*Asks:* 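Have a look at this one.
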Amino acid sequence: MTKSLYIAEKPSVAQEFAKALKENMQRKDGYLESQNSVVTWCVGHLVTMSYPEKYDPKYKRWSFDTLPFLPKTFLYEVIPGVEKQYRIVSGLLNREDVTTIYVCTDSGREGEYIYRLVAQMAQVGDKKQQKRVWIDSQTEEEILRGIREAKDESEYDNLSASAYLRAKEDYLMGINFSRVLTLKYGNTIANYLGTKYQAVSVGRVMTCVLGMVVRREREIRSFVKTPFYRVLANMSVEGRSFDGEWRAVEGSRYYQSPLLYKDNGFRKKEDAEKLIAELSGSEALTAVVEKVERKKEKKNPPLLYNLAELQNDCAKLFKISPDETLKIVQELYEKKLVTYPRTDARVLSSAVAKEIHRNLAGLKNYGKTADLTAEILENGSYKKIGATRYTNDKQITDHYAIIPTGQGLGNLRNLRDLSEKVYEVIVRKFLAVFYPPAVYQKVSLTTMTGGEHFFAGFKVLLEEGYLKVMNYSFGKKKDPAAGRAGRPGDAKDSDSSGENGTDAVDIACDQNFLAALAKVRKGTVLPVEGFRIKEGETSPPKRYTSGSMILAMENAGQLIEDEELRAQIKGSGIGTSATRAEILKKLFSIQYLSLNKKTQVITPTQLGEMIFDVVNQSIRSLLNPELTASWEKGLTYVAEGSITTEEYMTKLENFVARHTENVKRMHPSYGVRQCFDAYADVYKKK
């Protein structure tokens, strides 16, 4: 009797496949077996690329003479710690009674690579029929659908090719650049730090991320605060006071004056005081309304979660690292609670949108949002989701957004509190898209007093719409309409570098104040109770947090100044949703970056800054997002079949060889020690 073999990535996933098959499975050593099927697992990677010394013992010693290292045929080997499971899987792959192999590793580039390496090492070749199971969740229905609709494994050859190339790229850059830079600069760094030895670890994505953090830190370090002084007029409507902010618009006595900081403040306090003196000298302290603008503003629910957005929100809400968030959402996935987590998409597929009532029906049993779910099902808003911006097949590559399945709710009681909170965040983001926009009433006033213009803006929440969904039980999100109807200047006592800071501030106010404003018309005279100065200062750029860094990596293309190149690599960040957290984790572990676990703020270490300077002096392009993102775009082209493996490898080998040879010819300490000196004192103080 012939059998089908199902290969999953982890034992827990294999167990779910075994349950879905509903066959009388017998547990064996490293696999499960029934009369018709065998289910086994890979425990992650079983096979890896061999170190250079496996090609030739001479490569064990790091030397300029053996660089660049560019093997024509790459060698692979079984990872020693999982050799037993590899032998089990290899044996099953080659069993005579196994005629069909179902590849059930994670549905993505890395999962494909894990299986292909095992099949390659086990020499499966074309001896068996191999089919690819591609699923978006681990619910029984989805597993059975994936098996039923499994495509021939050959249809994923391009994806496999891009996976192999990604690994070869990281391998060749890592080995060649790390070795050549260590040989050239390692002693210089060690001598400066007073240590015996210092390796220089370089990676295609890792070094680019290091560059982003160091550049930001140096911007902050070199930032010089600029004080500024704004003039506010305290006015009132029907006895209720508010502040209007002065601005030097056309017609002002200070229009385009060099005394100004932007157009709404002075560089020196005495100039602000002078303006107040001039205005206070008027016969009557009143302001005439020159313009009133009233408009309703709608704020739509945000798009659904992809992994990067979820990691960013969890860093803000729970102060946890992206790596921790990934572990939690992976656990939720394996417990059938959410869909596949390693996704870059923030929308649904049209096929899923048609069946979304199933997810909602299951969520009726989730107590924290049961009333919200019931409301959605009752009003039928889910029926139109396929025609909204939350459904878009063109924005999906491998998987749609992370959403709750509506199943596995019984598993919540076995999860730790933090995991349940992350689940609630995902559920509420999902439910929000079925609610209408939040609606605000905005009122803007332009007034004139003493020949000068003052501006004020007000904002009232009229309809909460989707915002009613976003009140988390573990700590309610602040109502955007809440707050005091205070002074415009209070919201602008600092000014981040690069922002123009000239728009009127929208002050949250209540319905009574809105009613008073409704009576204000052009020509209305408002009493002015006095003027005051609001002091502020420019603020430096913010440091990256672990969450904002993940988003910055995802959107690295936005950092590219060249418009044509930025458009060319649109949609390609640095790293992938599956690897970004691990890259950050490595930078912390090798002590190039430091993470404040309480705030999740990232800063460079002295060693990290030194590595940055070494790379900046030698292979500067490694620090630039455009290079890393363009390589990632190239891998996407391979996966799509737009370019061949040979074309990509030629470009890669030329890049590695050229830069390796350039470093070999450089003077080891040219300009580097001076760079080290520039920030050494910063770290002595710590």
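Just the heavy atoms: all of them, side chains too, but no hydrogens, waters or symmetry mates, feed the values below. Remember, predicted model here, so these are calculated numbers, not experimental data.
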*Asks:* Are Glu632 and Arg204 within salt-bridge range, i.e. N to O under 4.0 Å?
*Replies:* yes
*Asks:* I'd like to know if Arg413 pairs up with Glu420 as an ion pair, taking the criterion as any Lys NZ or Arg NE/NH1/NH2 lying under 4.0 Å from an Asp or Glu carboxylate oxygen.
*Replies:* no
*Asks:* Quick one: do Lys468 and Glu463 make a salt bridge, cutoff under 4.0 Å?
*Replies:* no
*Asks:* Tell me which pairs pass ring-ring contact (aromatic ring centres under 6.0 Å, His included) where either residue lies in residues 314-347, with sequence neighbours left out.
*Replies:* Phe318-Phe474, Tyr333-Tyr340, Tyr340-His399
*Asks:* Does this structure show an ion pair linking Glu334 with Lys10, if we count only N-O contacts that are shorter than 4.0 Å?
*Replies:* yes
*Asks:* Could you report the tightest heavy-atom contact between Thr139 and Lys336, atom names first, then the distance?
*Replies:* CG2-O, 4.1 Å
*Asks:* Which residue pairs pass the salt bridge (charged side-chain N to carboxylate O under 4.0 Å, His left out) test when at least one of the two sits in residues 346-357, sequence neighbours left out?
*Replies:* Glu309-Arg346, Glu355-Arg358
*Asks:* Hey, are Glu554 and Asn306 close enough side-chain-wise for a donor-acceptor pair under 3.5 Å?
*Replies:* yes
*Asks:* Does a donor on one side chain sit under 3.5 Å from an acceptor on the other, for Tyr400 and Gln395?
*Replies:* no
*Asks:* Mark yes or no: Arg247 above the aromatic ring of Phe455, with NZ or CZ under 6.0 Å from the six-membered ring centre and no more than 45 degrees from the axis.
*Replies:* yes
*Asks:* Decide whether Gln600 and Thr545 meet the rule of one side-chain donor and one side-chain acceptor closer than 3.5 Å.
*Replies:* no
*Asks:* Output yes when Glu424 and Arg428 qualify as a salt bridge under the 4.0 Å nitrogen-oxygen rule, no when they do not.
*Replies:* yes
*Asks:* With the threshold set at 4.0 Å, does a side-chain nitrogen-carboxylate oxygen contact exist between Asp157 and Arg116?
*Replies:* yes
*Asks:* Going by side chain to side chain donor-acceptor pair (under 3.5 Å), name the residues that satisfy it together with Asn512, two or more places apart in sequence or in a different chain.
*Replies:* none
*Asks:* Is a donor on one side and an acceptor on the other found under 3.5 Å between the side chain of Thr373 and the backbone of Lys364?
*Replies:* no
*Asks:* Would Arg216 and Tyr544 count as a cation-pi pair here, with the cationic atom under 6.0 angstrom from the ring centre and within 45° of the axis?
*Replies:* yes
*Asks:* Applying salt bridge (charged side-chain N to carboxylate O under 4.0 Å, His left out), can you list everything that pairs with Lys519, at least two apart in sequence or on another chain?
*Replies:* Glu238
*Asks:* Going by side chain to side chain donor-acceptor pair (under 3.5 Å), name the residues that satisfy it together with Thr579, two or more places apart in sequence or in a different chain.
*Replies:* Thr576
*Asks:* Would you say Gln138 and Glu142 are linked by a side-chain donor-acceptor pair, where the criterion is simply a distance under 3.5 Å?
*Replies:* no
*Asks:* Taking only residues two or more places apart in sequence, or in another chain, which ones meet Asp393 in a side chain to side chain donor-acceptor pair (under 3.5 Å)?
*Replies:* Ser350
